[in-house]
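Residue numbers start from 1 in every chain, and the chains themselves are labelled A, B, ... in the order their sequence lines are given, proteins ahead of strands. In this text the structure is predicted, and so the values were computed from the model without any measurement. The basis for the numbers below is simple: all heavy atoms, side chains too, and nothing from hydrogens, waters or symmetry mates.
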Amino acid sequence: MKETINMTANQPPEQRELRYEPQRIEEKWHARWESDPALYAAEPHDSKRKKFYVLEMLPYPSGALHMGHVRNYAIGDALARYMWMNGYNVLHPMGWDAFGLPAENAAIKNSVPPKEWTLRNVAHMKAQMKRLGFAYDWSREVTTCLPEYYKWNQWFFLKLYEKGLAYRKKSKVNWCPECATVLANEQVLPNGCCWRHEETPVQQRELEQWFVRTTNYSEELLAGIEKLDGWPEKVRTMQRNWIGRSEGALLDFKIDGAVTPGKETITVFTTRIDTIYGATSIQLAPEHPAVAELIGNDPGLLAGVEDLTREQARAREAGDVAAVEKHGVFTGRYAINPFNQERVPIWVANYILMDYGTGAIMSVPAHDERDHEFAQKYGLEIRVVILPRRTAEPPRNGEPEPPVLPYTEKDSLLINSGEYSELSNQEAIAKMSAYAEQHGFGKRTVTYRLKDWGISRQRYWGTPIPMLYCEKCGVVPVPEKDLPVLLPENVDITLQGGSPLGRVPEFVNATCPKCGGTARRETDTMDTFVDSSWYFYRYTNAKLADRALDTATVDYWFPIDQYIGGVEHAILHLIYSRFWTRFMRDLGIVHNDEPATRLFTQGMVIKDGAKMSKSKGNVVSPDDMVAQFGADSTRVYSLFATSPDRELDWQEAGVEGVHRFLSRTYRFVMRNGATSRAAQNKDGTGASARLSAKARQIQRKLHQTIKRVTEDFQGRWHFNTSVAAVMEFVNELYSVEDEVVAGKFPPALLAEAQRNVILLLAPFAPYLAAELWEYIGETEKNLLRHPWPAYDPALAKEDEITFPIQINGKLRGHVVLPAESAEETVRERVLADEKVRAAIEGKQVVKVIVVPGKLVNVVVK
RNA sequence: GCGAAAGUGGCGGAAUUGGCAGACGCACCAGACUUAGGAUCUGGCGGGGAAACCCGUGGGGGUUCGAGUCCCCCCUUUCGCACCA
């Protein structure tokens, strides 16, 4: 007999208690957990236990958590709790990426000081996180906008400067008019727009800025990617592309005819020196310095080049650079190919970029698609100089033109290349490079796409760059003892007129520490990506006052065992962090090369097929979900809807479904937990011989469930199937509830089943788990200190197997046999089966395929 | 254009090694209990067919006793890269 659950208030109290009320349960436990801050604290670094550092990317305190955050933290929290239960000393911290533009924009709009606005948001979001039940060690909280943190940004900057890794230069920089500040290359989207303002094209400005020499580590950052086998291949590829290494040679072409002394040559960069006999022109970027020299004052040519410059700029803004039609202007001048002394025309073309290589190329139309397109358009000669060995024959007249291919295969062969003909492409590159070096017109080189990191920002809400400009001594660093350079408060923030700090005389006017004379303070602040490049080290000892970090503590915790965040940081944050780790290693304060051994990038949360956004009106607020269904349901749904690496389409009905499942679990334990409590004998596993078939089935299913959930944690993190497995088991428990109520079910097994359901749910639904754990009378109050359940493979094993029987590969029936049946027995039993005999009547059995434990296929003719 | 991932019921998704396609959940349908049901419980639920059966994992070929899974060709979607010389 089943009890009826009634929602109305006039029901007997014992029935009302069966109603799952997440608000009541979660508020109760929330209060208890609040009063015990040590609950989720990691042990100190001299702990003998094995450590596990699980980290989720710290949020920007924009005002409120969104579902993407919830999902990210639900994944990390499940893992952290699982590792705790597996006996690890777990570090699971959280902090705030608290400097940045939105605070300033809010200040302008609502006249709230950025600090106030930020800290208020931090307080609110922290409360949200706690309400969601995430198990963070708040004693290690890091807030990057506080002097106790940014002081160390400044200290690191001084070290960068000291080591020659920070320098100041005037150069063209990316300027976002909307942000009213400079952006690093990494912060410009592929379409040439700002990473924050996805539709605002970035402009170029000439400014004097601080740069960090990330390129000193280009080679190492690239090589290191190979060892990061715990990172998604996608992220590794993106980083490889971003660093963009290419090996090649610089070659000087002499300009034919009269030129200004000192400007006699044009240097090209090529990765294919072996094709130089096929070079039939030189192509310059419109902004190449030699252009003025070559075209002089010719008004037609000047106008032509101007057009090319404009086309390039327009293409960059349109974001579809490769699709722009190639276009060029012949300068009327020639250069000399240093290998065969041939005169080749010099052109200016819109497809040549000034900021890669040297801004000049040798054009080989037969072996480069772009050059080919250009040459065809302007009727330039296309000369084949390399072919695969098998077809190493020049094309004859009347034959179709050979395909334009780069031909880099080992068995390729040069033709029409003087003394280098008959060499393979690799041999030719080696010999020709050596020849060029010997004769002083070229050298081997490696080019990278990665540029130095421009970190100056003309904004207020960031770390002040600790530098002074003295009239006498020039650039002078702030002495370490004077750190931090405090960010002044009550600053008038506008988007006009450069850095807001420049308008604060008390800040700007300083004394030179070298000569005691008057000095001017640097008024730019640091890119906020500096803050996030090393914050995870600070967690290991967040309160340390005299140093950025303690090396011994970092050595214990690092590298991070599992880093979890969005793929949108694949380049920006994750390249800067990798750089910063190496910089700190070379300072001798850390000993790891990489910050994190494993990286997991979770999928986006979308709704109705689109990214959640205010403008689309499809934003789901975590607060609403918690109010309606509770934190546990919200969290479990975010894991159950799909696997964590995939895009998640938020469906409220799905949250309801999860809520229903948790209710069912709650009700089952509330009804039957007392039996459990009474069962003092907790060894439910030993008595299998005496169990009824039904009880044995529950026991088997229990062990299978533990196995499935455990394997999901150890493998692919498909928590959707973990949750499904527990659902199946709870359904199974319901199927024997009649027996349970009638007292016919073994109490020890029932107790074991309920205990393990709670333990299996603990990483996903911590509130419900705590409530039920207490209810069944468990004494170890902190579930995280309770060992993760182990399964017994023998008990998980099926005694009997229902073999699917196929005839010629089509399913025709089933035969139930003991699991251990010998192949021969299976064959006999199957062929003796009535249905099988009927189906093969009058046919010849060719063979019988028995797949042990799986299925049987009878092949007949 | 190049590269990667994906394509399975009305929907979200299961099915690590080739072995019962559609677990689990949502929605839907029927029933039970109810004054009531947006609660709960029971059952059903890929398509066709009265049934036996037949068809079914984007499309087309192939390998195999057996293919969602492996191979070849094509289509679509998403993401990343994109005059990088």
Side-chain angles (χ1 to χ4, degrees), chain A residues 2-8 18-19 190 232-235 237-238 240-242 244-246 248 268-272 275 283 285 312 315-316 319-326 349-353 355-364 367-371 373-374 406 447-449 567 570-571 603-604 637 640-643 645-658 660-661 663-664 667 708 711 715-716 718 720-728 731 734 737 802-814 846-849 851 853-860:
Chain A
K2 304 268 185 321
E3 281 163 285
T4 303
I5 312 308
N6 201 303
M7 302 281 287
T8 52
L18 294 179
R19 191 176 156 202
E233 198 46 53
K234 185 180 176 174
V235 172
T237 307
M238 284 168 77
R240 269 185 217 111
N241 291 343
W242 186 260
R245 180 184 199 275
S246 65
V268 304
F269 173 68
T270 179
T271 55
R272 296 300 306 277
T275 63
Q283 303 288 342
Q312 221 174 46
R316 207 186 292 255
D320 198 8
V321 187
V324 171
E325 202 193 328
K326 294 185 183 26
N350 65 350
Y351 72 101
I352 308 301
L353 307 171
D355 55 9
Y356 186 78
T358 60
I361 63 148
M362 61 179 210
S363 170
V364 185
H367 305 296
D368 180 285
E369 271 187 50
R370 296 152 299 173
D371 295 347
E373 185 188 334
F374 190 87
T447 305
Y448 297 92
R449 213 183 85 113
V567 75
I571 307 237
M604 264 195 342
Y637 174 70
F640 174 67
T642 182
S643 52
D645 53 325
R646 293 232 234 164
E647 192 172 78
L648 178 138
D649 194 352
W650 195 271
Q651 293 187 358
E652 203 165 301
V655 191
E656 267 178 67
V658 166
R660 209 167 296 160
F661 156 62
S663 300
R664 278 164 65 76
R667 277 198 310 272
R708 284 173 67 185
E711 283 174 353
R716 303 180 296 169
H718 282 195
N720 49 335
T721 56
S722 313
V723 175
V726 181
M727 284 174 170
E728 279 182 56
N731 289 344
Y734 265 91
E737 200 182 10
T802 308
F803 279 89
I805 308 303
Q806 295 182 339
I807 292 173
N808 286 345
K810 302 225 168 188
L811 186 69
R812 281 295 179 272
H814 292 93
V846 180
K847 58 177 159 178
V848 180
I849 290 156
V851 185
K854 283 272 169 64
L855 101 178
V856 179
N857 189 10
V858 183
V859 186
V860 295

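- Applying the 4.0 Å criterion to OP1 and OP2 of B:A82, one finds that A:Arg449 has a side-chain N or O inside that range.
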Classify every nucleotide of nucleotides 13-18 of chain B by which part a protein heavy atom approaches to under 4.0 Å, writing B for the base, S for the sugar-phosphate alone and - for neither, in 5'-to-3' order.
SSS-B-
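- B:G62: glycosidic angle beyond 90° from 0, hence anti.
- For A:Glu728, the side-chain atoms get nearest to B:A23 when compared with the rest of B:A23, B:C26, B:A85.
- The aromatic rings of A:Tyr356 and A:Phe269 stand perpendicular to each other, their planes meeting at an angle above 60°, with 30° marking the opposite boundary.
- Side chain of A:Ser246, nearest nucleotide from B:C24, B:A85, B:C83: B:A85.
- Counting only heavy atoms from C-beta on, A:Leu855 has its side chain closest to B:C20 among B:C83, B:C20, B:C24.
- Using a 4.0 Å heavy-atom cutoff across all strands shown, A:Asp371 reaches no nucleic acid atom at all.
- Taking every side-chain heavy atom of A:Phe269 into account, B:A85 is the closest of B:C83, B:C65, B:A85.
- At a cut-off of 3.5 angstrom, the base of B:C79 holds no donor-acceptor pair with the side chain of A:Lys234.
- Picking from B:A23, B:G25, B:C20 the nucleotide with the shortest atom distance to the side chain of A:Met727 gives B:G25.
- Contact check, A:Arg660 against B:A27: a side-chain N or O comes under 4.0 Å of OP1 or OP2.
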Per-residue pairing states of RNA chain B in dot-bracket (Watson-Crick or G-U under 3.5 Å; . unpaired, | other strand) read (((((((..(((......[....))).(((((.......))))).(((....)))..(((((..]....))))))))))))....
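- A donor-acceptor pair under 3.5 Å is absent between the side-chain atoms of A:Ser643 and the main chain of A:Asp645, judged by distance alone.
- When distances run from any side-chain atom of A:Asn731 to the nucleotides B:C20, B:C55, B:C24, the shortest one goes to B:C24.
- The side chain of A:Asn350 has B:C83 as its nearest neighbour among B:G25, B:C65, B:C83.
- The phosphate of B:G25 (OP1 or OP2) has no side-chain N or O of A:Arg664 nearer than 4.0 angstrom.
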